[in-house]
Amino acid sequence: MTVRSTASAPLRNTFGVDARAGRLVETDDANDLPALFATAFSGASPLVVGGGSNLLIVENPALALALTARSIRVVAEHEAHAIVRADAGVEWHAFVLWTLEHGFAGLENLALIPGTVGAAPIQNIGAYGVEVGERIHAVDVFERATGAFHRFDASACAFAYRDSVFKHDLDRYLITAVEFALPHSASLPASVLRLDYAGIRDELATMGVDTPDARAVAEAVIRLRRRKLPDPAVVGNAGSFFKNPILPAGQADALLAEHPRLPVFRGAGEDSRKLSAAWLIDACGWKGHRIREGSGDAGVSDQHALVLVNHGKATGAELLGLARRISEDVRARFGVDIEPEPRLIGAAW
Ligand code: EPU
């Protein structure tokens, strides 16, 4: 057991907000968790931090916990696929690259998403036509209140667009490891690859690839993301700040009649539609806008209207204030509520 405790520890967050935990506890062994929760935390519920890519820290948390184990291994081999297990603390993109290098497909469309493996199931990360829930075999969790370990199979996770059972109960479970069911690239029929999301086929064509494999698709996605989304290492951001709103088909049709260029996608069911929040925000004139008040560093990316950015010294409260103004504008103009995708710490939406 290796437990490290640091007072007033800086908290990594891709927004680049200056944040600290009163105390940060790190452990590389999930078996330490029952003892930590039973005694060391004296009833306090820590904020579990991974890559900090989906957090907007408005108030500093008193206690934070990081799981630092980073092993990846194949736990079962089947004819057409394998079960690959990764600890929660593994960096997501490093994991995607590991699977591709070891001859597995299935995660190529999810290349370059910031964050950790343990965070991926919580909001069911998705990009370029794939959601991680489609590839998950099981999620191993620790239940804080009882000190027990449980396993959720994929159906028990209730995955939906940017949603899962874990997101509704953030203080109940802590994800310790995730198992993925991944097809072997060598025997992969080309039809299994998802190439239909806008931009992928064009990017493959630009790369000169006629018959793509999983690695080529990952490369295309990486190129698209680098071009379309600001790099958190250069300017602080948490990817899409808002979820794409899901509306009844009737309401979406009425909006479409008024705004024929509005991108509308099929929702989870026949009667629901997903709208592009980026388009709505862009139409309100927010893209590239920077707030003058306060630090003057909170703004909207000029590359993608869905991404709020910290140009330097923006606080969590400033970014949240900006988000609220944007959502009020979208509601006033289109009658649609948009909601944040990242988790807010120390504030409610
Ligand atoms: N658009 C605009 N203005 C912009 C950007 C986009 O009008 O500044 C319109 C365009 O018409 C475009 C449409 O919005 O066709 C959709 O844009 P995009 O393909 O970038 O997808 P998105 O719906 O905005 C979602 C995910 C992203 C993911 C991309 C690609 C959500 C909230 N976001 O964005 O995920 O990378 O699709 O699959 O679902 C993230 O969650 O952090 C994230 C970056």
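These figures come from a predicted structure and were not determined experimentally. Atoms within each ligand, like the ligands themselves, are counted from 1 in listed order. The chain is numbered in sequence order, starting from 1.
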Salt-bridge contact [X]-[Y] (side-chain N to carboxylate O under 4.0 Å):
| X | Y | answer |
| --- | --- | --- |
| Arg194 | Glu134 | yes |
| Arg324 | Glu318 | no |
| Arg4 | Asp28 | no |
| Arg73 | Glu179 | no |

Check: Asp87 and Thr176 side chains under 4.5 Å, non-hydrogen atoms: no
Ligand 1 to Asp282 polar contact by distance, N or O atoms, under 3.5 Å: yes
Test of proximity, His304 against ligand 1: N or O pairs below 3.5 Å: yes
Considering the heavy atoms of [X], write down every atom of ligand 1 situated less than 4.0 Å from one of them.
| X | value |
| --- | --- |
| Trp279 | 2 (C), 7 (O) |
| Ala127 | 36 (O), 38 (O) |
| Ala305 | 4 (C), 8 (O) |
| Tyr197 | 18 (P), 19 (O), 21 (O), 29 (C), 30 (C), 37 (O), 38 (O) |
| Arg225 | 36 (O) |
| Gly239 | 42 (O) |
| Ser240 | 26 (C), 27 (C), 31 (C), 32 (C), 33 (N), 35 (O), 40 (C), 41 (O), 42 (O), 43 (C), 44 (C) |
| Phe242 | 32 (C) |

Side chain, backbone, both or neither: the part of Tyr161 lying under 4.0 Å from ligand 1 by heavy atom: side chain
Distance flag, aromatic centroids of Phe104 and Phe180, threshold under 6.0 Å: no
Under-4.0 Å heavy-atom contact between protein and atom 19 (O) of ligand 1: yes
Return the residue, atom name and 0.1 Å-rounded distance of the protein heavy atom closest to [atom].
| atom | result |
| --- | --- |
| atom 34 (O) of ligand 1 | Leu306 CD2, 4.1 Å |
| atom 38 (O) of ligand 1 | Tyr128 N, 2.6 Å |
| atom 6 (C) of ligand 1 | Ala278 CB, 3.5 Å |
| atom 26 (C) of ligand 1 | Arg162 NH2, 3.3 Å |
| atom 13 (C) of ligand 1 | Ser276 OG, 3.6 Å |
| atom 23 (O) of ligand 1 | Asn244 ND2, 2.8 Å |

Side-chain atoms of residues 136-148: list all donor-acceptor pairs with protein atoms under 3.5 Å, sequence neighbours left out, distances to 0.1 Å.
| residue | atom | partner | partner atom | Å |
| --- | --- | --- | --- | --- |
| Asp140 | OD1 | Arg151 | NE | 2.8 |
| Asp140 | OD1 | Arg151 | NH2 | 3.4 |
| Asp140 | OD2 | Arg85 | NH1 | 2.7 |
| Asp140 | OD2 | Arg85 | NH2 | 3.1 |
| Asp140 | OD2 | Arg151 | NH2 | 3.2 |
| Glu143 | OE1 | Thr146 | OG1 | 3.1 |
| Glu143 | OE1 | His150 | NE2 | 2.7 |
| Glu143 | OE2 | Arg172 | NE | 3.0 |
| Glu143 | OE2 | Arg172 | NH2 | 3.1 |
| Arg144 | NE | Asp171 | O | 3.4 |
| Arg144 | NH1 | Ser45 | OG | 3.0 |
| Arg144 | NH1 | Pro46 | O | 2.8 |
| Thr146 | OG1 | Ala148 | N | 3.3 |

Backbone N/O of Ile122 and side chain of Ser164: donor-acceptor pair under 3.5 Å: yes
Rounded distance [0.5 Å steps], NZ in Lys228 versus CD in Gln303: 11.0 Å
Contact with ligand 1 for Pro263, non-hydrogen, under 4.0 angstrom: yes
Non-hydrogen atom of Lys228 closer than 4.0 Å to ligand 1: no
Over all atoms of both residues, closest heavy-atom pair of Ala252 and Val264: CB-CG1, 4.3 Å
Lys243 charged N/C atom sitting above Tyr161 aromatic ring, 6.0 Å / 45°: no
Asp18 atom CG, neighbour heavy-atom count above 12 within 6.0 Å: no
